[in-house]
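Shown next, in structure tokens, is the structure this report addresses.
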Amino acid sequence: MGKKVALNVLYNIVIFICVIVIYQAVEHGRYEYVLGCAFLAGIIITLKIKLIKEIKGMQKP
């Protein structure tokens with residue numbers, strides 16, 4: 001369970017960094033970074049949703 005919590009924290013950090021990079025890239029007109037980080041954030045969000053469902057499934061008796 002501790003590994004799953006650590007993985008969830010890692011996912012949150014990556015999503016936060018992607019949001020910051022997307023904001024900075026839009027300010028500087030670097031849309032290739034926006035596209036890359038949006039793609040990466042989408043994958044991480046999908047993995048985070050799977051992880052949350054798995055944790056909820058473990059808690060049911």
Can [Y] be reached from [X] by stepping across I, L, V, M, F, W or Y side chains whose heavy atoms are under 4.5 Å apart?
X	Y	result
V9	I44	no
I13	I20	no
I15	I55	yes

* To do: Nearest 0.5 Å please: distance from the CG atom of L47 over to the CG atom of L7.
  =>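 If I round to the nearest 0.5 Å, the distance is 8.0 Å.
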
* To the nearest 0.5 Å, what is the distance between CG (L10) and CG (L51)? ->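 That separation rounds to 10.5 Å.
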
* Asked: Do Q59 and M1 have side-chain heavy atoms sitting under 4.5 Å apart?
  ->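 Yes, close enough: below the 4.5 Å cut-off.
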
* To do: With sequence neighbours excluded, give me every side chain to side chain donor-acceptor pair (under 3.5 Å) pair touching residues 10-21.
  =>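 Applying side chain to side chain donor-acceptor pair (under 3.5 Å) to every pair that reaches into residues 10-21, excluding sequence neighbours, yields N12-K48.
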
Name every donor-acceptor pair, under 3.5 Å, that has one atom in a side chain of residues 29-42 and the other anywhere in the protein, sequence neighbours excluded.
unit_1, atom_1, unit_2, atom_2, d
R30, NE, E32, OE2, 2.7
R30, NH2, E32, OE2, 2.6

